[in-house]
Each structure stands twice: as C-alpha cells, then as structure tokens.
Amino acid sequence: MPADPDFLSHLNPSQRRSVEHFCGPLLVVAGAGSGKTRALTFRIANLVLTHRVAPENILAVTFTNKAAKEMKERIERLFAERLALEDGGKALDLLSPYEQTKLRSRVYKTITKHLWIGTFHSLCARILRLDIEKFKDGQGRQWQRNFSIFDESDVQGLMKDIIVKQLNLDDRKFQPRSVRFAISNAKNQGLGPEDYEASQPNYRGRVIANVYNLYQDALAANNALDFDDLIRILVDLLRQNDAILDYWHRQFHHLLVDEYQDTNRTQYELIQMLATNGVHPQQFQGWNYRSVFVVGDADQSIYSFRAADFTILMDFQKDFGDGLPDDDTRTMVKLEDNYRSTETILQTANELIENNTERIDKILKPTRGAGEPITCFRADDELHEAEFVVEQIRNLEMQHPEITWGDFAILYRTNAQSRAFEDMLVRWNIPYTVVGGLKFYDRREIKDVLSYLRLVMNPADSVSLQRIINVPRRGIGKTTLDRLSSAAQELGVPLWEIIRDDTSVKTLAGRSAKSILNFAQMIQHWHTAHETQAGAEIIQGILEQSGYVDSLKAQGTEEADDRLRNVQELYNASIQFAEENGDPSLTAFLASTALASDLDNLEESSTVSLMTLHSAKGLEFPIVFLVGLEQGLFPNFRSLDDAAALEEERRLCYVGITRAQDQLFISHARERRLYGSREPAMPSLFLSELPKEQLEARSPLAIPKRPPNMAAPSPPVSPHPNTHAQDWGVGDRLLHKGFGLGEVTHVFGAGNKICLAVKFAGVGQKILDPKVTRLDRVD
DNA sequence: TTTATAGCGTTTTTT
DNA sequence: ACGCTATAAA
C-alpha cells in the first residue's frame with residue numbers, strides 16, 4: 001500500500017530526505033527550530049506505513065521521558081488521522097469524540113504500544129529486567145531482575161559510607177561528591193572497576209578505584225543499579241554474550257537517536273553494537289533492511305558534565321558515513337531552515353555561536369520576518385532585575401489580548417536564581433511554574449513511600465530498608481539497627497534476611513524485637529502480593545498498615561498536611577501510570593518514578609515558566625527572558641579558565657536565545673546576592689559578543705518606582721581614569737588593594753567593555769573590571 | 001531513643 | 001541565608 005500522497009508534502013527537501021531515508025546510516029544535523037521532531041516522527045510513521053516495518057522492530061531514543069511521551073502521541077495522531085481518512089473519508093477532527101478515542105485506542109494497540117521509544121535509561125532498564133540475570137561482572141557480581149534503581153542521594157549516601165566508615169578516609173580530602181563524579185565519569189567511558197584501576201597510577205586514583213570496587217559491591221549487595229550502570233551493564237552484557245547481542249540486534253532493525261550530540265561513550269557503544277551486531281561499522285554488511293538514524297546539533301551540546309561527548313556526533317561521518325564531502329555525501333543531511341524564531345533572534349544566535357571554534361559549519365536560516373529588536377536591560381541587583389522582567393510580562397499581557405501567561409519563559413543559569421522572580425510573580429499574582437529545583441520525587445515523604453515500595457519489590461535493598469524501618473517511629477533505634485546490620489554483614493546476607501528471621505531478631509534486638517517482627521511481617525506480606533496485585537493497591541495498603549498516614553495525620557501541622565497531599569498525589573500518579581501504560585504492576589510504576597524528572601509533568605498550562613537553560617532544551621516560547629548574564633554566573637566561574645568549558649557555556653547561551661519565537665529580553669545585574677552577602681557583578685562576556693545593531697538597551701529609568709519595602713538602588717560606581725582597558729593582556733602582573741599580587745589569566749570583551757580574570761595567590765581567581773577596580777601594573 | 005542546637009557547607013547544569 | 005548533619009542532653 002502506497003503512502004498517503006499528502007503525507008510528506010508539507011516537508012522541505014531536507015526534511016523529506018531525512019524522512020524518506022530507508023536503509024543504512026544517516027546523520028541529520030538539525031539546527032534549533034528546524035523541525036527535527038517532525039522529521040523523527042514522520043520517519044517512524046513512514047517506516048511503518050511505506051516500508052511495512054513492524055513497530056516492535058523500531059527503537060527510538062529520546063533525551064527525556066517527556067520527549068518520548070510526546071513522540072508517541074504525535075505518531076499516534078498521525079496514524080489516527082490517516083485511518084480516519086481511509087476508513088470513513090473524514091478528517092479525524094470531524095469525528096465524534098467517541099470515534100476519535102476508539103480510533104486512537106486501535107492505533108495504540110496495533111502500533112504505538114509496540115514501538116520501543118524512551119530514554120537510554122528507561123530502554124536499558126526495560127531490557128535489563130529481562131536479561132540481567134544472565135550477566136556476571138569481572139568480579140562475579142550478579143543482579144536479579146527485580147533490581148532497584150538508586151537515585152543520586154542513595155548513591156551519595158553509599159559513597160559517604162564507604163569513604164568514611166569502610167575506608168576510614170577523611171571525607172574532606174575525598175569528598176563523596178567528587179569521588180562519585182570520578183566514578184560516574186569512569187562508568188560513562190565504559191570503564192569497569194578493573195579498567196579504572198589499571199588507568200590510575202597515582203594515590204588518589206587508586207583510592208578512588210578502591211571506592212569504586214566497594215561501591216559496586218554495595219550495589220550488588222543491595223541488588224541495585226545506579227543511572228550509569230543501567231547503560232554500562234547492558235553494554236557489558238552484550239559484549240560478553242553473543243547470543244543476547246544477536247537477539248537484540250535482530251529485534252531492532254531501525255535505530256533512531258535524538259539529541260545525538262549529548263550521548264556519551266557507553267551510549268554510543270550500545271547503539272553501535274545493536275546496529276552492527278558488534279561488527280565494525282565500516283565492515284558491516286547487513287544494511288539492506290536496517291538503519292541508524294541520528295539527529296543532533298553540536299552547537300546545542302550542553303551536557304559534557306554528564307560525560308556527553310559531542311565529538312561522537314562530529315565523528316559520525318567517519319564511523320558510519322560514506323566519507324564523501326558534504327555536497328555529495330549520502331549519509332548526512334543538514335536542516336538549516338528555522339521555522340521558530342524571528343530573523344533578529346536568529347542573527348543574534350548565529351553571531352554568538354560564531355565565537356566557538358569547535359563546530360560543524362552550520363547556520364540558522366530565517367523563514368520569518370525581522371520581528372522586534374532584542375531588549376537588553378541592566379539592573380541594579382537581582383530584585384531590580386526581577387522587577388523589570390515581571391513589569392514587561394505584565395505590560396505585554398495587558399497590551400496584547402492574544403498573549404497568555406503560558407507564552408512567557410524566564411530562563412536562568414542556576415536554579416537558585418528562581419527565587420527573586422518567584423517573589424515578584426507572587427506579588428503581582430501571576431501564575432507560574434518552576435521546573436526543576438526540588439523534584440516531586442525528591443521530597444522526603446515521597447522518598448519514604450518509594451522506599452517502602454522498593455523494599456517490597458526488592459527486599460535486598462538495605463538502603464531503602466534502613467530509611468524506613470523506623471519511619472514512622474517504631475522504637476527501633478540506631479544501636480539496634482547497627483547490631484542487626486553488622487550481623488548481616490558478618491553473614492554476608494542482606495539486612496532483610498536477619499530482620500525476617502524470628503530467632504535472630506529475638507536474640508539481637510531485645511526490647512524492639514516485637515515491632516521489628518511486625519514490620520517484617522508486613523513487608524513480607526506485600527512482597528508476596530506484589531507480583532499479582534496492582535501497584536496502587538499495594539501503595540494504599542502500605543500507607544495504611546505502616547501507620548505512615550496515621551502519623552502524618554496525628555501531627556496536624558500545615559507541613560504534615562502538605563506531605564499528606566503529596567503522598568495522595570503519588571497514589572494518584574500510580575493509577576494514572578497504570579492507565580496510560582496499560583501496566584498496573586508495581587515494578588513498572590517504580591521504574592518510571594526512578595527515571596522521572598520534573599519536566600515530565602510540565603503540561604501545557606497557562607502559567608509563566610521558570611527553568612534553567614538546561615531544562616529549556618527542546619522547548620520554545622513566544623517570549624523569553626534570558627536573565628543573569630553576568631561574568632562568573634553565566635558563564636559560570638568554573639568555566640572561566642577552561643576554553644572548552646567556556647565554549648559549552650556559550651552553547652548554553654545559544655540554546656537560550658534560540659528558545660525564543662517572537663521576542664527576547666536579556667538582562668544582567670550590577671550587584672547580586674550570593675550566600676547572603678552582596679557581590680558586584682560584571683556584564684557577561686557573551687553580551688559583548690551579540691550584534692549591537694540588534695540590541696536595544698533599555699534604561700532603568702523606564703521602570704516605574706519600586707514598592708517601598710524594596711531595597712534602594714545602589715549608587716553608580718565611579719570609573720578609575722588611571723587604568724585603561726586596552727593596556728591589559730594575558731600574563732600581565734598587577735597589584736590589587738585587597739587581594740595583593742595577581743596575574744591576568746583571561747581578558748574578556750574588547751575595547752572599553754573589558755574585564756579581566758586575575759589569579760591571586762591564596763585568594764584564587766577573581767573577575768575584575770579595570771574601569772571599576774583600581775589595578776596597578778607590576779613589572 | 002528522641003529531641004534540641006550549633007556549626008557547616010552550599011550553588012552549575014540532570015537522566 | 002538557609003537547610004542539613006553531627007553532636008550533646010533529656
């Protein structure tokens with residue numbers, strides 16, 4: 001059956017080439033707003049419709065769960081529209097709601113349900129639930145299919161335990177965070193504990209390797225995996241077991257990866273192995289019925305701190321491609337026509353990103369008119385900045401009836417910046433949503449309940465067990481718990497094995513024996529029930545039986561009421577999940593909560609959106625406020641002495657600018673509160689890189705008086721005529737009144753708008769403006 | 001075993 | 001400035 005002739009007619013030639021590509025590798029270099037999601041969804045539909053590919057043979061990897069959900073919905077709609085025309089000759093929208101639902105559910109059952117669409121993490125978790133019991137790592141560690149997925153705080157807790165208690169190390173010298181970071185990095189490069197150990201000659205490295213080993217022991221003992229292992233373990237399994245690799249290779253004929261610039265080494269390994277069954281891509285012969293289709297934009301690579309490596313994208317042509325020059329190649333397509341933003345916004349973005357050296361040559365070509373100029377505002381401090389932003393929002397909303405609160409987004413570098421804006425929005429009664437920050441699933445009460453559930457599913461999960469064994473209070477204290485844990489450790493069994501055993505508990509626990517046995521009995525009951533009973537029922541049962549809800553009710557405080565509502569919300573979420581995914585099991589729900597993010601719940605609603613630039617990736621808004629453009633904040637001070645990191649900050653700025661459809665506001669403050677004290681702030685380097693002719697400076701005077709309870713504006717800073725911006729260069733030595741002797745490591749900006757990064761002995765790096773701060777040259 | 005308090009580190013970004 | 005953790009007292 002031929003495809004609907006109309007099906008592809010709305011695509012531009014490049015999009016069409018991407019969508020119609022059938023077999024072999026293809027890299028789609030897709031600029032911001034160039035319709036890549038469209039290309040991805042149409043391609044999947046086209047594979048099924050035109051090429052008769054079975055949905056279960058398609059694997060599509062998205063960057064977030066939200067993107068996965070959206071993709072499924074779009075595909076579903078595409079098919080439903082088609083079926084409506086084919087069957088009844090009527091457009092989907094003209095059918096009755098009942099007919100529409102019926103059609104959609106038919107599409108779901110025959111097509112979308114069978115597609116493998118998700119993030120690397122969720123897809124790998126799904127495969128591991130089937131195959132992990134066939135895996136054994138280099139040191140014989142094994143996992144069972146009911147494994148827990150540990151979140152960042154679980155992991156940090158384990159790390160700390162190993163460093164402080166097991167190894168007796170100083171946790172200031174070996175900060176759990178930084179050790180965790182090193183291990184995570186190793187994992188994302190595909191290094192196991194042995195490989196890592198071999199690569200570390202110095203003391204610190206050997207210690208970390210030791211921690212890595214003990215950490216893996218702890219994970220295995222808890223029958224748990226961290227985020228990184230979801231991918232790494234699967235890759236290892238596929239490497240060591242040809243039969244399993246062959247099975248999944250034959251399962252997935254068509255691989256699609258979105259946001260390919262943000263994949264890391266292990267993820268690349270996985271895709272490569274699945275695509276070519278472990279054969280080197282250039283030697284692989286089986287392309288005649290399969291494909292690898294990756295979509296990305298190196299200019300939007302912003303996750304290197306998570307070990308993402310955009311050279312993977314840049315090397316695609318070398319690994320999989322035909323090696324022909326850009327004009328003749330059949331393995332790369334560029335999507336450069338931008339349908340999102342005004343010409344003004346695009347020119348600004350293009351000009352900024354030109355300052356980067358590491359990129360694939362690509363520009364965003366406008367398809368819309370010039371639009372409004374970009375407004376740049378200099379505020380006195382962060383309160384003033386918030387005042388300006390909210391003022392603009394109010395004015396625009398008042399003056400344009402078609403604009404709603406949902407059309408606005410405030411984007412910032414760090415989560416901590418949200419507060420000033422929240423305060424101001426509350427003051428004016430404007431509805432808003434903060435994405436990120438404290439996640440729903442990170443709240444204490446939610447983590448408590450999830451720990452109960454994890455324990456029910458996986459009793460070996462001692463981390464969860466220890467979290468909730470005395471929550472609510474059961475009179476089981478630290479000493480009792482310590483005694484039980486060390487018994488477990490000596491016997492080499494999970495803590496649970498001690499707790500469920502009557503005689504052990506009676507001999508070890510004394511006074512609290514009875515409540516421990518009661519607790520154990522309750523968990524045992526639900527553990528036995530969890531395979532057959534629906535997740536929601538188990539949640540309800542546990543909430544009642546454990547006394548968790550009762551104890552919250554007994555508190556009667558406002559905070560406890562809040563917690564109660566959140567717990568109720570979790571119960572609702574489990575029901576909703578069961579309906580949406582057609583799977584009421586506890587296992588499935590728990591897996592989804594472990595990998596959920598705040599973004600997933602960001603519904604189309606009419607509220608102003610507040611989020612970090614990282615969270616904003618992939619989104620678009622008619623009106624965007626890009627705030628806090630200050631040296632040290634954005635670009636962040638950690639990136640100032642690292643060229644590659646600075647380029648990543650610039651890409652982040654590029655991402656921010658390209659989120660805007662119609663109007664963009666940029667702002668910075670001259671002074672900012674940091675840890676309670678006020679710090680002067682310099683304009684960001686990036687401001688000096690934006691085209692002047694597109695920017696319209698907005699004077700602070702345009703802003704009406706601030707409410708009386710706000711801080712007064714600070715007096716202007718008087719410039720020092722004795723130091724000239726042009727005089728400074730990298731390597732210059734100078735004397736500062738407060739910091740002493742220093743050396744210039746960077747010069748930001750040009751001409752009169754210059755500021756310096758200066759390294760001072762003892763004090764470290766500082767960012768200074770020679771026009772503001774007196775700096776005396778030393779020869 | 002539970003509760004109060006003092007001190008400390010925190011802020012880059014997240015699946 | 002604030003929230004969390006370690007430590008001491010009830």
Side-chain angles (χ1 to χ4, degrees), chain A residues 61-68 118-125 149-153 155-157 160 164 171-172 175-177 180-181 184 187-188 225-232 258-259 262-264 266-267 301-308 411-419 435-439 441-442 444 470-482 509-512 515 591-600 611-618 628 632-640 642 645-646 648-649 651-653 655-656 672-679:
Chain A
V61 185
T62 60
F63 194 69
T64 62
N65 292 303
K66 181 172 176 252
T119 62
F120 273 110
H121 295 87
S122 65
L123 291 165
C124 288
I149 299 171
F150 276 3
D151 68 24
E152 208 45 43
S153 67
V155 165
Q156 296 270 348
K160 198 170 172 194
V164 178
D171 67 346
R172 305 168 63 125
Q175 290 181 0
R177 278 181 49 130
R180 158 73 185 146
F181 186 77
S184 179
K187 286 186 170 185
N188 288 323
L225 297 177
D226 63 18
F227 283 159
D228 307 322
D229 273 351
L230 288 174
I231 298 155
R232 188 186 63 102
D258 195 9
E259 307 285 7
D262 283 320
T263 51
N264 63 38
T266 24
Q267 292 164 347
S301 162
I302 55 176
Y303 278 95
S304 74
F305 67 92
R306 214 169 80 186
L411 308 182
Y412 36 77
R413 177 67 240 269
T414 69
N415 279 307
Q417 286 168 261
S418 72
R419 179 169 266 175
V435 177
L438 219 217
K439 283 185 236 147
Y441 290 103
D442 283 342
R444 185 165 58 167
N470 199 32
V471 179
R473 302 261 132 87
R474 297 188 177 87
I476 302 165
K478 191 170 177 299
T479 39
T480 314
L481 200 54
D482 279 351
R511 191 181 291 271
S512 42
S515 62
S592 80
T593 61
L595 303 171
S597 78
D598 220 35
L599 254 184
D600 304 339
M611 67 186 88
T612 63
L613 289 153
H614 284 90
S615 296
K617 182 162 97 158
L633 181 63
F634 188 28
N636 190 266
F637 71 95
R638 300 177 114 94
S639 64
L640 291 179
D642 178 345
L646 190 66
E648 177 146 322
E649 295 280 313
R651 291 194 292 270
L652 198 51
C653 188
V655 167
R672 188 171 286 275
R673 236 196 171 72
L674 205 64
Y675 317 123
S677 68
R678 305 198 142 276
E679 295 285 339

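In the text below, chain A, chain B and the rest are named by the order of the sequence lines, each starting its count at 1. The figures here come from the full heavy-atom set of this structure, side chains too, leaving out hydrogens, waters and symmetry mates. The structure presented is a predicted model; accordingly, all values stated were derived computationally and were not measured.
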Asker: List the residues meeting salt bridge (charged side-chain N to carboxylate O under 4.0 Å, His left out) with Arg672(A), not counting sequence neighbours, and say none if there are none.
Answerer: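 Arg672(A) satisfies salt bridge (charged side-chain N to carboxylate O under 4.0 Å, His left out) with Glu385(A), Glu630(A) only.
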
Asker: Excluding sequence neighbours, so at least two apart, what forms salt bridge (charged side-chain N to carboxylate O under 4.0 Å, His left out) with Asp229(A)?
Answerer: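 Asp229(A): salt bridge (charged side-chain N to carboxylate O under 4.0 Å, His left out) contacts with Lys187(A), Arg232(A).
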
Asker: Going 5' to 3' through nucleotides 4-10 of chain C, assign each nucleotide B (protein heavy atom under 4.0 Å from a base atom), S (under 4.0 Å only from sugar-phosphate atoms) or - (no protein heavy atom that close).
Answerer: -SS----

Asker: Take atom CG of Asp482(A) and atom P of dT1(B), then tell me their distance rounded to the nearest Å.
Answerer: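 So the CG-P distance, Asp482(A) to dT1(B), works out to 10 Å.
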
Asker: How many Å lie between CD1 on Ile149(A) and C1' on dT14(B), as a whole number?
Answerer: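 After rounding, the reported distance stands at 15 Å.
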
Asker: Roughly how far apart, to the nearest Å, are dT11(B) and dA6(C) at atom P?
Answerer: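 To the nearest whole Å, 16 Å.
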
Asker: If we only count heavy atoms from C-beta on, is the Gln267(A) to Asn264(A) side-chain gap below 4.5 Å?
Answerer: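 The answer is yes; the side chains approach within 4.5 Å.
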
Asker: Could you tell me the separation between the CG atom of Asp262(A) and the P atom of dT14(B), rounded to a whole number of Å?
Answerer: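 Asp262(A) atom CG is separated from dT14(B) atom P by 13 Å.
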
Asker: Would you please confirm or rule out a distance under 4.0 Å between OP1 or OP2 of dT2(B) and any side-chain N or O of Asn470(A)?
Answerer: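 Checking Asn470(A) against dT2(B): at least one side-chain N or O falls below 4.0 Å of OP1 or OP2.
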
Asker: Base, sugar-phosphate, or nothing for Ser639(A), non-hydrogen atoms under 4.0 angstrom?
Answerer: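 Ser639(A): no heavy atom of the nucleic acid under 4.0 Å.
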
Asker: List for me each residue that meets ring-ring contact (aromatic ring centres under 6.0 Å, His included) alongside Phe63(A), sequence neighbours excluded, and say none if there are none.
Answerer: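 By the ring-ring contact (aromatic ring centres under 6.0 Å, His included) rule, Phe63(A) matches Tyr303(A).
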
Asker: How would nucleotides 4-13 of chain B be written as a contact map, 5' to 3', with B for base contact, S for sugar-phosphate-only contact and - for no contact, using protein heavy atoms under 4.0 Å?
Answerer: -----SBBBB

Asker: For Glu152(A), check salt bridge (charged side-chain N to carboxylate O under 4.0 Å, His left out) against everything at least two apart and list the hits.
Answerer: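 Here the qualifying residues are Arg180(A).
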
Asker: By nearest atom, which of the nucleotides dT3(B), dT1(B), dT14(B) is closest to the Arg473(A) side chain?
Answerer: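 Ranking dT3(B), dT1(B), dT14(B) by closest atom to the Arg473(A) side chain puts dT3(B) first.
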
Asker: Side chains of Thr119(A) and Ser122(A): is there a donor and an acceptor less than 3.5 Å apart?
Answerer: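 Yes, Ser122(A) and Thr119(A) have a side-chain donor paired with an acceptor closer than 3.5 Å.
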
Asker: Holding to ring-ring contact (aromatic ring centres under 6.0 Å, His included), I want the full list of residues that pass it with Phe634(A), two or more places apart in sequence or in another chain.
Answerer: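 Checked Phe634(A) against ring-ring contact (aromatic ring centres under 6.0 Å, His included); matches are Phe686(A).
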
Asker: Atom CD of Glu259(A) to atom P of dT14(B): distance rounded to whole Å?
Answerer: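 So the CD-P distance, Glu259(A) to dT14(B), works out to 15 Å.
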
Asker: Just call it for Ser512(A): base, sugar-phosphate, or nothing, with non-hydrogen atoms closer than 4.0 Å on any strand.
Answerer: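 It contacts nothing in the nucleic acid.
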
Asker: How many whole angstroms separate atom CZ of Arg474(A) from atom C1' of dT2(B)?
Answerer: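 Computing the Arg474(A):CZ to dT2(B):C1' distance gives 16 Å.
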
Asker: Out of dT2(B), dT1(B), dC2(C), which has the shortest distance to the side chain of Arg419(A)?
Answerer: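 Comparing dT2(B), dT1(B), dC2(C) against the side chain of Arg419(A), the answer is dC2(C).
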
Asker: Just to verify, what does Ser153(A) make a side chain to side chain donor-acceptor pair (under 3.5 Å) with, not counting sequence neighbours?
Answerer: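 With neighbours one apart ignored, the set is Asp151(A), Lys447(A).
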
Asker: Can you name the residues that form a ring-ring contact (aromatic ring centres under 6.0 Å, His included) with Tyr412(A), not counting sequence neighbours?
Answerer: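 By the ring-ring contact (aromatic ring centres under 6.0 Å, His included) rule, Tyr412(A) matches no residue at all.
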
Asker: Rounded to the nearest angstrom, tell me the gap between atom CD in Gln156(A) and atom C1' in dT14(B).
Answerer: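 Rounded to the whole Å, the gap is 13 Å.
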
